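The structure appears below as structure tokens.
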Amino acid sequence: MIHILATGGTIAGEADPTSGGSRYKAGVRPVGALLASVPGLAEAAEISAEQILALDSKDMTPADWLVILAAVRRARLDPAIDGIVILHGTDTLEETAYFLHLTLPAGTPVVLTGAMRPADHPEADGPANLLAAVRLASSREARGKGVLVVMNGAAHDARHLIKARTSGLDAFESAEAWTAAQADGRFADLDVASLPRVDILPGYAGAPARLIDACVTDGARGLVLALAGHGSVPASWLPGLRLARDQGVAILRASRCAGPVTRNANADDDGEGWLTAGDLPPPKARIALMLALASRFSAAETQALLLRP
Ligand code: SIN
């Protein structure tokens, strides 16, 4: 049996009657109605389903990730369930997928999917994506690969997947083939009521250093710097970053470009006590740092986590 956990998203979206047809609202169609619109689903697998959230994924929070994790853990205890499919908005799908990838050990396959067109679109992509996700979650190939994602006929692994385009059915891409992926789950023992706050600070021409202090004063325990180029720290940020570090805030250099941010290249990471993101984009480096802080990882353990392929 495949268990579906619905969280909302465009896959459950419908035209917003207040917009005169120009906009839709994500996360309104209930999971039962979504399943009824998928031809061939009953032949593909026996299905059970649960509506655990009904969100536009731009509004998803770390507290919601914990709700999803708890639902997956519960489903994995049921021996009748062979695979789990999570229906999710595409905007932050890669974040939830990576959070689950780090918190779920190898076991019952978990596959996320969504849609770029709402459920009431004449050529909605949700039904085909849902069917493909159910098939992947039922397959032997999905086992041991960690959390997977299916969109537009292609599978991806949670670590490498990004939403690369704002629109179009081919919005997602990943740098590595999903078939080479391995389960991670190093935070499988995570048992927290909330996750520590980590903020992302964008680097851009003239970015004010006062943003650093604003985040720290407001409770951030970590800062991911989404910097230009090879993670280049503006000189005007150095005093604020040193002050934050001295207050125990973890500082992590990442880049707004694709490609690695390498330790001690382009900055004195050892001297400043900074972490580097490797090839993780800022939103995923943030998740790794949140989990590392929640689990009281040392700086060396956190750095090793960030640089893991
Ligand atoms: C959302 O992320 O919930 C809305 C956008 C989408 O699913 O494509």
Side-chain angles (χ1 to χ4, degrees), residues 4-38 41 49-69 71-72 84-101 110-134 136-137 147-174 200 226 281-284 286-287:
I4 314 260
L5 298 172
T7 73
T10 292
I11 192 167
E14 292 180 359
D16 177 353
T18 65
S19 74
S22 63
R23 287 187 301 279
Y24 69 91
K25 197 162 160 33
V28 293
R29 189 169 287 195
V31 65
L34 291 182
L35 299 181
S37 69
V38 183
L41 187 62
E50 221 182 312
Q51 184 84 46
I52 54 169
L53 296 168
L55 293 173
D56 186 317
S57 78
K58 69 181 169 53
D59 298 321
M60 189 80 62
T61 64
D64 296 316
W65 298 340
L66 293 174
V67 169
I68 299 171
L69 175 63
V72 174
I84 297 159
V85 168
I86 303 175
L87 308 182
H88 198 291
T90 65
D91 284 351
T92 63
L93 187 147
E94 70 213 61
E95 295 180 47
T96 301
Y98 188 56
F99 173 77
L100 294 174
H101 184 64
V110 175
V111 179
L112 282 82
T113 194
M116 293 301 292
R117 294 174 179 156
D120 58 359
H121 189 286
E123 293 174 69
D125 53 329
N129 287 343
L130 203 160
L131 186 60
V134 165
L136 183 61
V147 172
L148 298 173
V149 174
V150 170
M151 287 294 293
N152 195 32
H156 305 265
D157 72 271
R159 189 187 186 283
H160 294 101
L161 166 90
I162 55 163
K163 186 173 184 181
R165 283 169 282 282
T166 57
S167 52
L169 298 183
D170 61 345
F172 284 84
E173 60 185 41
S174 34
I200 299 177
K284 287 187 182 173
R286 169 179 177 251
I287 291 165

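Just so you know, ligand 1 is whichever comes first in the structure, and atom 1 is the first atom listed for that ligand. Keep in mind that this is a model prediction, so the values were computed, not measured. Positions are given from 1 along the sequence.
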Distance col, row Thr10:OG1 vs Leu87:CG, nearest 0.5 angstrom, shows 12.0 Å
Once rounded to the nearest 0.5 Å, what's the spacing between atom CG of Leu169 and atom CE of Met151?
8.0 Å
If you have a sec, work out which protein heavy atom is nearest [atom] and how many Å separate them, to one decimal?
atom                   : value
atom 8 (O) of ligand 1 : Thr90 OG1, 2.5 Å
atom 3 (O) of ligand 1 : Ser57 N, 2.6 Å
atom 5 (C) of ligand 1 : Thr10 OG1, 3.0 Å

Any nitrogen or oxygen of [X] lying under 3.5 Å from a nitrogen or oxygen in ligand 1? Just yes or no.
X      : result
His88  : no
Met116 : no
Asp56  : yes

Heavy-atom gap Gly13 to ligand 1 smaller than 4.0 Å:
no
Whether the side chain of [X] engages the backbone of [Y] through a donor-acceptor N/O pair (distance < 3.5 Å, no angle test) should be reported.
X      : Y      : value
Asn129 : Thr113 : no
Ser57  : Thr92  : yes
Asp120 : Ala15  : yes

Is the shortest side-chain heavy-atom distance between Arg159 and Tyr98 below 4.5 Å?
yes
A student checking ligand 1 against Ala115 at a 4.0 Å heavy-atom cut-off should list atoms 6 (C), 7 (O), 8 (O)
Ligand-side contact atoms (ligand 1) for residue partner Gly89, heavy atom cut-off under 4.0 Å
1 (C), 2 (O), 3 (O), 7 (O)
Taking atom NZ of Lys163 as the centre, does the number of heavy atoms from other residues, nucleotides or ligands within less than 6.0 Å exceed 12?
yes
